[in-house]
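Here is the structure we will look at, set down as structure tokens.
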2 protein chains.
Amino acid sequence: MNTTIYDVAREASVSMATVSRVVNGNPNVKPATRKKVLNAIERLGYRPNAVARGLASKKTTTVGVIIPDISSIFFAELARGIEDIATMYKYNMILCNSDQNKEKEIHLINTLLEKQVDGILFMGGEITEEHAEQFKQASVPVVLAATLGEGHDIPSVNIDYQQAAFDAIHELIKEGHQQIGFISGPLEDPMSGLKKFNGYKEAFSSAGLSVREEHVSIETYTYDTGLESAQQMMESEQPPTAFFASTDEMALGVIHGLQDKGFNVPEDIEVVGFDNTRLATMVRPTLTTVVQPMYDIGAVSMRLLTKYMSKEDVGEHIVELPHRIEYRGSTRS
Amino acid sequence: MNTTIYDVAREASVSMATVSRVVNGNPNVKPATRKKVLNAIERLGYRPNAVARGLASKKTTTVGVIIPDISSIFFAELARGIEDIATMYKYNMILCNSDQNKEKEIHLINTLLEKQVDGILFMGGEITEEHAEQFKQASVPVVLAATLGEGHDIPSVNIDYQQAAFDAIHELIKEGHQQIGFISGPLEDPMSGLKKFNGYKEAFSSAGLSVREEHVSIETYTYDTGLESAQQMMESEQPPTAFFASTDEMALGVIHGLQDKGFNVPEDIEVVGFDNTRLATMVRPTLTTVVQPMYDIGAVSMRLLTKYMSKEDVGEHIVELPHRIEYRGSTRS
DNA sequence: TTGTTCCCTTGAAACTTTTTAAAAAAACTA
DNA sequence: TAGTTTTTTTAAAAAGTTTCAAGGGAACAA
């Protein structure tokens, strides 16, 4: 049997309430008493029971984190940002993989609420009505990280994906490219898919160019897709002279697909990625990419959540972090 | 205020005990009563409070996972294996980053025990006396994943790192190499450092060769170190004709370092990595590497932990999973 | 038909460990 | 010495689980 606050109280001949005060650093304790209690704690090797504390105080100092896939380099980096800030504010995190599966997501939200987490940090694809409904009823704050909650007025931290994609494509067009391959996964993912595609289209139309359907690949967000799609597009009648990929991993695929077919990057064809994961410098040529500050998004969203949890005043609920383009070897400029 | 089991009891005009039985699937409840209770639960939108349940039952269905760095591609993959199995057995995981810092590790163990986790899955570098002491006093089972607990008799799941490194080096020697660069981080890390270095030395001595000091780089486990160390070694009087790197990330560094200096891989120089992370196929040439089944190590170790937690019989406490070499483009054979 | 036994359900109450509000005691001040 | 203030204690509350006992029938024997 573990020693409880009650044992400590007896050992120090005080009441449990006093022990509780000492443990929680409440200043209304006479120094002599505090010392007595501290000694007893030491002697008995007392370790407070956070579950009982949670029940009594209705605070668990634990947050729930729902993430599509922790083994993805992108989300892993985000998670690290989250955890660092959580630790800083003395929270622990229960981490759950959802695979962006709606059933799982809803189920996880419920599990986390049962466990009485003090807040939820959600990463995912689409936020449906049902999601929004769950969040509304949640009784604890919810923050979205790298996830768009458009039209649902849910606190979130993102960059402007459309603008970011626009900037990248715009830059390529400015360099003289007219045929630019767009390599992406499903558009149902608003952040990785739709927004970037919109940015792509916007850049084209604002330059008076029209999008060629055969230069748009909407498959899966994988290296292999990047590789295959790029090769396929190079077979088309009017092959692209540059590529934009939704993720760095896809961009690596594109580069290798091109190299395998004998093209030189960036001399023959330029390639731009998205995210600036560690992969970007682990490829030859190194990858020019749109910088999405993953770690910061995680950190900022967690910080936002801590504010909600301690009922601090929050300025803007919808945070948009800055983005930029990091020029490396896969482009000429 | 949330609805409690008490509210449900009143609504269904039964006692809390009966509600508890229904919620927990206890069969000793008349179907009619069960239905009444289920209806009441539905009507009130009752959601059991896992904290109260944890206090009463002394089980939290939560495990603690201590990991050096979740943003590392290697550990992220392991974590995914852990979480999948945890989910399968209805556990959640509290994930904590330790940065392999001993103070942090000890502190995290204590925090997790305070939170009354049902078990701990530990990943780290060295297991010191103090670690072993903590684990012994822990009152809940502890399993090491991809972490050596030599001499401490702690359950663990690993591959035979020394043998694996031996196999790789042995193979290179068999192909005629006599000068083989060894690129590693600190040897304090038993698994990534020491064991592999021992395998390297063993392979050399068993072939009657002697290790050249200038062909051994012990720096940090990073891409940049791989890159720089490889380049440096190529300057040495008798440059290596092959490289073995402790991690895939370092191996990528090696390959790019060599390529940047104008060497061809594998024609001029062969390179072998370790781990078989997703990186291995995201480089040109693709990377020949020792396969360490990260996902499986995570999954198996979590499964082992579930057995301990439910007091099942466990056969072998120290599990050693098989390894093999995956031949790809960075070697000639 | 009545009495006894046994099983199935159910409820009452104890228990889990801590926080916290209210009350009491102690210490200090004027 | 009365009045404050500070410190400490008492006891309730948090939301469940679990043990034990008892009620209600059913089945069976007499």
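Lettering follows sequence order; numbering is per chain, from 1.
In the set dT18(C), dA12(C), dT17(D), dA12(C) carries the atom at the smallest distance from any side-chain atom of Ala17(B).
Take His152(B) and apply the side chain to side chain donor-acceptor pair (under 3.5 Å) test, not counting sequence neighbours, and it matches no residue. The side chain to side chain contact (heavy atoms under 4.5 Å, CB included) check on Lys104(A) picks up Asp99(A), Asn101(A), with sequence neighbours excluded. Considering only residues two or more places apart in sequence or on other chains, Lys30(B) meets the side chain to side chain contact (heavy atoms under 4.5 Å, CB included) condition with Thr33(B).
Distance Lys115(A) NZ to dG16(D) P: 15 Å, rounded to the nearest Å. As rounded to whole Å, 15 Å separates atom P of dT16(C) from atom CD1 of Ile5(A). What separates CZ of Arg10(A) from C1' of dT9(D) is a distance of 16 Å, to the nearest Å.
The side chain of Ser15(B) contributes an N or O atom lying less than 4.0 Å from OP1 or OP2 of dG11(C). Taking side-chain N and O atoms only, Lys58(B) has no distance below 4.0 Å to OP1 or OP2 of dG16(D).
Side-chain contact of Arg47(B) with Asn110(A): a donor-acceptor pair under 3.5 Å is present, judged by distance alone. Side-chain polar atoms of Asp189(A) and Tyr221(A) form no donor-acceptor pair below 3.5 angstrom. No hydrogens or angles considered: nothing links the side chains of Asn28(B) and Arg21(B) as a donor-acceptor pair under 3.5 Å.
The side-chain heavy atoms of Val23(A) and Ile41(A), taken from C-beta on, include a pair separated by under 4.5 Å. Using a 4.5 Å heavy-atom threshold, the side chains of Val8(B) and Tyr6(B) count as separate.
If you check residues 18-35 of chain B against DNA chain D, the residues with a heavy atom closer than 4.0 Å are Ser20(B), Arg21(B), Asn24(B), listed by number. Of the residues in residues 38-53 of chain B, those with a non-hydrogen atom less than 4.0 angstrom from any atom of DNA chain D are Tyr46(B), Arg47(B), Pro48(B), Asn49(B), Ala52(B), Arg53(B).
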Got a list of protein N/O to nucleotides 5-7 of chain C N/O distances below 3.5 Å?
none

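A salt bridge links Glu312(A) with Arg303(A): at least one charged nitrogen is closer than 4.0 Å to a carboxylate oxygen. The pair Glu150(A)-Lys195(A) meets the salt-bridge criterion, since a charged nitrogen lies less than 4.0 angstrom from a carboxylate oxygen.
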